[in-house]
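Right, one structure below, let's go through it.
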Amino acid sequence: MSQSKLISFDPQGVFFEPHGIDTAQFDAMAGEMNRVRAGILNEDLHQYETGQVPADRQPLDAGFMELPERMLDAYRTDRKSSELGRILETAQRLQQAVDRVVVLGIGGSYMGARALMESCCQPYYNEYSRAERGGRPRIYYEGNNVDNDWSQGLLNLLRCQDDELPWSIVVISKSGGTLETATAFRQFLRALEAEVGRERLPELVIPVTGKTGKLANLADAIGCSSRFLVPDGVGGRFSVFSPVGLLPAALMGIDVVTLLEGAAALNDHFRQAEFGSNVVLDFVAINHLLEREQGCHTRILSAWTKSLESLGFWYDQLLAESLGKQEQGALPLTTVNTRDLHSRAQQHQEGRRDKLVNNVVLDSWRYDPLPVGMSDWNEDGLNDLADRTLPEIMNAAWRGTNLAYREDSRPTTNLRLPGCNESSLGQLMQMLMLATVVEGRLIGVNPYGQPGVEKYKLNMNRLLRESPRSE
Ligand code: PA5
């Protein structure tokens, strides 16, 4: 296991009166948090592993918890035939064969990959030449909507390129029957066939799906040479460290081993660190107490870098779909600063007192700090700040915002990331998945499954099949 720096959590900005909480309330959570952790590590994992899950605890998709260790162990034992080995081999094969990959999937079947791309690949990744991308393909996302113009926009874009290499499809659906993804697959498959001919489809279409289902059947019919399983017992939004997230990540050149090592390191920390210095337990306890004691039902994930916007959207989905049940669950909201200081901050500063701001802050940046610089035109008055760099300005904005919120008795916390890289993202994503399960167990909501979402699907299908076409 690499000795990378751990992410950290600082909740000092919530301990005040009258709209925060006090440290005694936090300390009093220790027993309950330890009990919940023990339940997850013992009861949940035991029931999951033995398959003996009582009816009132189903579904129990606890398979994500030890997935990073399982993937790494299998890879270290047998590099070639392990799942991670196959992912890397397929990624390498596709990198040589194509210059664009369309990832089809919705919800948990694509949001993790997009979050990893924005955080771990260089900004504007797709815009660079093939050489500047290190020979890795451009990545596009579809099948996450039924938007007539954006679907055709991408089909047109693919059609009008005069690339030497073809494009390919990675289609991801655990159930294999989600209408948005299935529709896009049919349309993009037709376009790919028109371009390369039916005989090349088996090598250029990579399905990631369950053992059975409509997509599995299609993969058989096409004769796909590489395909991957969404493991049983791993739910969509918890599947980023399965082929669902790892295959697209490997395609775009992300170091998936370091990513998994980060997640495994976080697992160790979760198991061993005491309440009060446990990033998962502390994060849950603080967010829970602010909701319970102060009515902070809106949780703002305030990312102080553009690179984490999609990570925020991934977490919005994770929290909303997992805990938004039985008339419970906080409302997650992602903001990106300093951008959104100019759109949302007024409300966060002086609006309803129903918000907790969880800042996510970087300790280091991909590129060297860029100074403001001297200029012959000092009409803007910035020569005073010529030596100041963008990270320094960002830091001042973050600290200044926290101070301003504190002056108005608005609670804030800080999650610190050593960098926006594989190690930190592996830790952060595993931390947020564990935190979601811990909170679910704490408030008595099953974090797995999404029974409510089925209702729109039933209605949509009925309307499509029964209504006259003009409606
Ligand atoms: O978290 C979940 O389970 C959902 O968001 C699913 O990922 C989403 O509905 C897509 O499902 P599927 O992968 O079966 O197409």
Side-chain angles (χ1 to χ4, degrees), residues 48 58-65 67 102-116 141-147 151 169-189 205-219 224 227-249 310-325 329 332 334 429-430 432-437 439-440 445-461 464:
Y48 166 73
Q58 288 179 5
L60 179 58
D61 289 337
F64 84 93
M65 278 195 250
L67 191 57
V102 179
V103 175
L104 301 177
I106 193 167
S109 286
Y110 91 106
M111 298 185 90
R114 191 183 60 172
L116 288 171
Y141 301 95
E142 254 308 332
N144 52 34
N145 210 320
V146 280
D147 187 310
S151 286
I169 299 173
V170 172
V171 52
I172 308 174
S173 174
K174 181 177 176 178
S175 62
T178 303
L179 185 69
E180 288 88 340
T181 306
T183 301
F185 185 40
R186 177 175 284 214
Q187 294 169 336
F188 280 78
L189 187 66
V205 175
I206 320 289
V208 182
T209 189
K211 278 197 200 100
T212 57
K214 291 175 182 161
L215 180 55
N217 295 342
L218 270 170
C224 298
R227 55 198 278 186
F228 294 90
L229 271 182
V230 185
D232 281 342
V234 176
R237 57 192 173 275
F238 294 91
S239 68
V240 65
F241 298 132
S242 79
V244 171
L246 295 178
L247 177 62
S310 284
L311 181 282
F313 293 155
W314 169 84
Y315 179 56
D316 286 351
Q317 187 232 1
L318 177 66
L319 187 64
E321 246 186 8
S322 301
L323 302 188
K325 295 163 188 164
T334 290
M429 292 178 112
Q430 188 72 3
L432 292 170
M433 289 190 284
L434 288 169
T436 303
V437 172
E439 185 170 0
V445 166
N446 185 346
Y448 305 114
Q450 55 282 338
V453 183
E454 298 309 315
K455 292 183 187 162
Y456 104 84
K457 292 186 195 165
L458 286 175
N459 286 341
M460 175 173 69
N461 274 307
L464 277 171

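Counting convention: from 1, in listed order, for ligands and their atoms alike. The figures here come from the full heavy-atom set of this structure, side chains too, leaving out hydrogens, waters and symmetry mates. Fair warning: this is a prediction, and the values are worked out from it, not measured in the lab. All residue numbers refer to positions in the sequence shown, counting from 1.
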Can you sort out which atoms of ligand 1 are near [X], meaning under 4.0 Å from one of its heavy atoms?
| X | answer |
| --- | --- |
| Lys174 | 12 (P), 13 (O), 14 (O) |
| Ser175 | 12 (P), 14 (O), 15 (O) |
| Glu321 | 1 (O), 2 (C), 4 (C), 5 (O) |

Open item on the list: Determine whether any protein heavy atom is located less than 4.0 Å from atom 3 (O) of ligand 1.
Closed with: yes
- [ ] Flag the pair Val205 / Phe185 as yes when at least one side-chain heavy-atom distance between them is below 4.5 Å, and no otherwise.
- [x] yes
Spacing of [X] atom [atom1] and [Y] atom [atom2] [to the nearest 0.5 Å]:
| X | Y | atom1 | atom2 | result |
| --- | --- | --- | --- | --- |
| Gln317 | Gln450 | CD | CD | 8.0 Å |
| Lys325 | Tyr448 | NZ | OH | 10.0 Å |
| Lys457 | Asn461 | NZ | CG | 9.5 Å |
| Tyr110 | Asn144 | OH | CG | 4.0 Å |
| Lys174 | Leu215 | NZ | CG | 14.0 Å |
| Phe64 | Leu434 | CZ | CG | 4.5 Å |

So which heavy atom in the protein is nearest [atom], and how far is it from that ligand atom?
| atom | value |
| --- | --- |
| atom 6 (C) of ligand 1 | Gly108 N, 3.9 Å |
| atom 11 (O) of ligand 1 | Thr178 OG1, 3.6 Å |
| atom 5 (O) of ligand 1 | Gln317 NE2, 2.6 Å |
| atom 10 (C) of ligand 1 | Ile106 O, 3.3 Å |

TODO: Report yes if Lys457 has an N/O atom closer than 3.5 Å to an N/O atom of ligand 1; otherwise report no.
DONE: no
